Amino acid sequence: MKIIITEDYEELSAKAAEIMLAVVKNNPYAVLGLATGTTPLGLYGKMIEDFKANGTSYKNMTCVNLDEYVGLDKNHTQSYAYFMRKNLFDWLDINPEHTHIENGVAADAEEECRRYDSLLKKHRQDIQLLGLGSNGHIAFNEPGTAFGLGTHLVKLAPSTVRDNARLFDSEKDVPLSAFTVGPANIMNAKKILILASGAKKAEAVYGAVRGTVTESLPASILQRHGDCTLIADRQAAALL
């Protein structure tokens with residue numbers, strides 16, 4: 001695992017943009033595995049800036065997202081589908097039909113997981129972007145998730161619900177379950193880029209980089225990937 005330590009979040013976002021845009025500019029048909037949450041927002045802002053300044057085209061690219069809350073349809077303002085449109089897709093020239101995410105209101109959860117697994121086999125990620133949860137989760141793969149799992153339905157850990165409450169009116173509004181791609185889907189990506197910012201991520205960063213590879217800390221599996229880069233700011237990297 002390659003480790004890049006930055007002074008602050010702004011530099012983290014700039015370094016992440018360098019890596020992401022290298023993939024984008026070198027392959028007009030790239031498959032981008034994307035993430036939600038606050039950590040990628042700086043990166044997405046820089047992708048938008050580059051598009052406006054340089055006209056870098058996304059029209060032939062495919063985007064596959066990691067996860068979606070159960071019970072929220074794609075037009076709900078707290079859905080991850082809405083988040084991606086608001087914070088990235090609406091600002092680029094990407095074809096909306098080339099952007100993919102699980103259906104949070106799918107009538108048959110097992111069939112939806114099979115559908116998304118099939119989609120990811122067809123569209124292998126050239127780069128997979130990840131955030132890092134304070135408990136070491138990647139996507140919504142909580143501690144204890146089997147490394148061999150593909151897309152699945154997950155009950156969110158209390159720590160994850162608390163972390164995500166900042167994006168809702170109150171903690172009681174946060175959905176308690178979600179669809180998520182599994183560790184196996186993530187590890188199938190050609191390249192992985194994981195971002196961590198802030199002191200509360202320090203223990204998870206240490207475990208992911210220096211700890212034992214264990215299902216009790218899902219991000220530790222990334223040690224086994226052949227092309228994974230972690231970018232952490234000074235606070236998140238404090239224990240390394």
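If you're wondering where the values come from, they're calculated on a predicted model, not measured in any experiment. Only heavy atoms go into these numbers, but all of them, side chains included; no hydrogens, no water, no symmetry mates.
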Review point. Can you check whether Gly150's main-chain N or O pairs, donor with acceptor, with His152's side chain at less than 3.5 Å?
Key: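 Yes, because the side chain of His152 sits within donor-acceptor range (under 3.5 Å) of the backbone of Gly150.
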
Review point. Do any N or O atoms from the side chain of His76 and from the backbone of Gly71 form a donor-acceptor pair under 3.5 angstrom?
Key: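 Judged by distance alone, no pair lies under 3.5 Å.
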
Hey, are [X] and [Y] close enough for a salt bridge, meaning a charged N less than 4.0 Å from a carboxylate O?
{"X": "Asp126", "Y": "Lys190", "value": "yes"}
{"X": "Asp227", "Y": "Lys191", "value": "yes"}
{"X": "Glu111", "Y": "Arg114", "value": "yes"}

Distance check, rounded to the nearest 0.5 Å: [X] atom [atom1] versus [Y] atom [atom2]?
{"X": "Ser197", "Y": "Gln235", "atom1": "OG", "atom2": "CD", "answer": "7.0 Å"}
{"X": "Thr99", "Y": "Leu32", "atom1": "OG1", "atom2": "CG", "answer": "11.5 Å"}
{"X": "Leu193", "Y": "Leu130", "atom1": "CG", "atom2": "CG", "answer": "8.0 Å"}
{"X": "Cys228", "Y": "Met187", "atom1": "SG", "atom2": "CE", "answer": "8.0 Å"}
{"X": "Phe51", "Y": "Leu88", "atom1": "CZ", "atom2": "CG", "answer": "10.5 Å"}
{"X": "His123", "Y": "His100", "atom1": "NE2", "atom2": "NE2", "answer": "4.5 Å"}

Exercise for review: Flag yes if Ile221 and Leu230 sit in one hydrophobic cluster, no otherwise; membership is Ile, Leu, Val, Met, Phe, Trp, Tyr, and two members link when side-chain heavy atoms are under 4.5 Å apart.
Suggested key: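 Linked within one cluster.
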
Check your understanding: Among Glu112, Lys74, Met84, Glu102, whose side chain to side chain contact (heavy atoms under 4.5 Å, CB included) with Glu68 holds?
Key ->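 Single pass found, and it is Glu102.
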
Review point. For Val161 and Pro175, which heavy atoms make the closest approach, and how far apart are they?
Key: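 Closest pair (atom of Val161, atom of Pro175, distance): CG2-O, 4.5 Å.
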
Review point. So His137 and Phe140, would you call those rings parallel, tilted or perpendicular, with 30° and 60° as cut-offs?
Key: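 Ring orientation of His137 relative to Phe140: tilted.
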
Check your understanding: Can you list the steps and then say if Leu149 with Asn141 is a side-chain contact (heavy atoms from CB on, under 4.5 Å)?
Key -> CA-CA 9 Å; Leu149 269 183; Asn141 294 291; 5.6 Å; no

Review point. Can you list the steps and then say if Leu34 with Phe89 is a side-chain contact (heavy atoms from CB on, under 4.5 Å)?
Key: CA-CA 11 Å; Leu34 300 178; Phe89 297 151; 3.8 Å; yes

**Study point:** Exercise: do Glu142 and Thr160 side chains pair donor with acceptor under 3.5 Å
**Key:**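 Side chains of Glu142 and Thr160: pair found under 3.5 Å.
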
Check your understanding: Does CD in Glu203 sit with more than 12 non-hydrogen atoms of other residues, nucleotides or ligands closer than 6.0 Å?
Key ->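 Not buried by this count: 12 neighbours or fewer within 6.0 Å.
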
Exercise for review: For residues 158-199, pull every pair meeting ring pair (Phe, Tyr, Trp, His ring centres under 6.0 Å), keeping only residues two or more places apart or in separate chains.
Suggested key: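 Passing the test, one end in residues 158-199: Tyr69-Phe168.
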
